[in-house]
Amino acid sequence: MEFTLKIWRQKSHNEKGEFISYPMDNVSPEMSMLECLDVLNETLMVRGEEPVAFDHDCREGICGSCGFVINGVAHGPERATIVCQLTMRHFRSGEELIIEPWRAEAFPLIKDLIVDRRSFDRIIEAGGYISVSTAQAPDGNAILVGKDAADQAMDAAVCIGCGACVAACPNGSSALFTGAKIAHLGILPQGKPERDGRALHMVAQMNAELFGNCTNIGECTGVCPKGISLEVIAIMNRDYLHASWKRREALEATIPPALERNTHRT
Amino acid sequence: MTRTAQGLDTAVGEIRALREEFWQNVTVPGSGDDLNQNLEKAGRVADFFELAELMCIDARERNESCGGHFREESQTAEGEALRDDEHYSYVAAWGYRGTGEPPELTKELLEFHNLHPSQRSYK
Ligand code: SF4
Ligand code: FES
């Protein structure tokens with residue numbers, strides 16, 4: 001197969017970027033999009049040019065490292081497919097593929113296709129955990145979880161934190177991601193004791209970062225490689241509302257002062 | 001997989017030659033001023049050359065068969081691994097002494113008070 005890859009090249013956050021076209025032939029239809037970039041990078045290196053920087057790790061759709069926009073769609077045209085799992089046969093030979101990084105205020109660009117997604121980490125730090133005393137592993141059947149709850153929690157837990165939802169959202173909102181984390185833990189008995197605080201803290205952190213607000217557009221769920229449904233946003237809003245009702249004093253304590261724009265950038 | 005003193009000596013020589021070639025001919029595109037994934041990879045390759053050489057040196061030094069380390073020179077009449085507890089009852093910890101310098105061996109002796117090692121048998 002033959003392609004023209006039109007890729008966003010930008011040396012660093014502070015330098016100007018531009019699209020550069022790279023013609024490629026002999027692309028195997030079985031290659032993943034990332035492998036196609038690997039092949040391109042090999043040729044660039046032989047020519048003495050700098051390879052395209054892109055994030056990747058597991059290459060099997062479970063780590064959430066990879067991701068970029070192809071022809072205007074986060075993770076490309078295949079539904080529920082992440083770029084490391086997206087094979088080239090899904091494109092037409094001869095096509096031009098426009099490849100660019102996630103574009104969102106909260107994800108400052110580091111280089112080429114790599115963006116800084118630490119804002120997600122800070123949301124997780126704010127409450128994406130459960131507190132238990134560690135000791136011996138508990139008996140597997142000591143806490144019973146109904147099939148419905150287990151399924152619902154699992155559907156939310158499959159979020160891999162790739163950031164496509166934010167990149168696809170015209171508001172740059174991270175509601176789908178944050179909702180997935182809040183829903184996943186809040187539905188399970190182990191996560192219930194901290195459910196209120198979790199919703200308050202994680203939403204507060206989400207608001208403190210440079211994400212926009214959710215206006216129920218739904219593009220996020222459309223591009224999500226794990227098919228996280230909009231329902232998690234409803235669960236987040238419900239948990240948040242419920243918690244703010246019950247814990248008004250905590251609410252005041254948890255909302256950090258509005259950050260100056262760009263203060264957390266280095 | 002088995003090892004011999006001679007094979008390990010050859011391996012050390014080959015690794016050193018490869019490492020030398022790597023340092024002479026390596027091409028790392030880009031610069032060290034911004035994020036450079038290839039510089040990271042080159043650094044890892046350099047580390048693995050050192051580690052690979054050290055593993056061979058360690059295996060060469062241990063003239064016995066033990067666990068996954070089977071030295072052809074050290075086997076029973078039936079071809080089973082033959083330990084040499086008198087000389088090798090220790091864990092080897094190797095200290096780095098600089099490029100091109102032989103690493104320094106520190107022995108952490110293994111002492112058995114209640115149960116004593118014996119010949120392993122799968123029969
Ligand atoms: S919700 Fe989906 S798109 Fe958003 S970070 Fe999680 S896996 Fe990625
Ligand atoms: S590289 Fe891990 S999800 Fe794509």
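Since this is a predicted model, take the numbers as computed values, not measurements. Within every chain, numbering begins at 1; the chains are lettered A, B, ... in the order of the sequence lines, protein sequences first and strands thereafter.
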Query raised in the report: In terms of heavy-atom contacts, does CD of B:Gln6 have more than 12 from other residues, nucleotides or ligands at under 6.0 Å?
Result: no
Requested in this report: Might you confirm whether atom CD of B:Glu78 has over 12 heavy atoms from other residues, nucleotides or ligands at distances under 6.0 Å?
Outcome: no
Requested in this report: Assess whether atom CZ of B:Phe48 is packed by more than 12 heavy atoms of other residues, nucleotides or ligands within 6.0 Å.
Outcome: no
Query raised in the report: Who among B:Thr27, B:Asp34, B:Val28 has the most heavy-atom pairs with chain A under 4.5 Å?
Result: B:Asp34
Query raised in the report: Just wondering, are more than 12 heavy atoms of other shown residues or ligands nearer than 6.0 Å to CG in A:Asp139?
Result: yes
**Report entry** Shortest non-hydrogen separation from A:Ile114 to B:Gln37 and the atoms involved
**Finding:** CD1-NE2, 3.5 Å
Query raised in the report: For A:Lys11, is it the side chain, the backbone, both or neither that has a heavy atom under 4.5 Å from a heavy atom of chain B?
Result: both
Query raised in the report: Which answer fits A:Val46, side chain, backbone, both or neither, if we ask what part of it has an atom under 4.5 Å from a heavy atom of chain B?
Result: neither
Query raised in the report: Of all the residues in residues 73-103 of chain A, which have a heavy atom that comes within less than 4.5 Å of a heavy atom in chain B?
Result: none
Query raised in the report: Do other residues, nucleotides or ligands put more than 12 heavy atoms under 6.0 Å from the CE atom of A:Met31?
Result: yes
Query raised in the report: Are more than 12 heavy atoms from other residues, nucleotides or ligands located less than 6.0 Å from atom CD of B:Gln119?
Result: yes
Report task. Please state whether the side chain, the backbone, both or neither of A:Leu44 comes within less than 4.5 Å of a heavy atom of chain B. Result -> neither
Report task. Taking atom CG of A:Asn213 as the centre, report whether more than 12 heavy atoms of other residues, nucleotides or ligands fall under 6.0 Å from it. Result -> no
**Report entry** For A:Glu50 against B:Gly30, the heavy-atom pair lying closest together
**Finding:** CD-CA, 3.5 Å
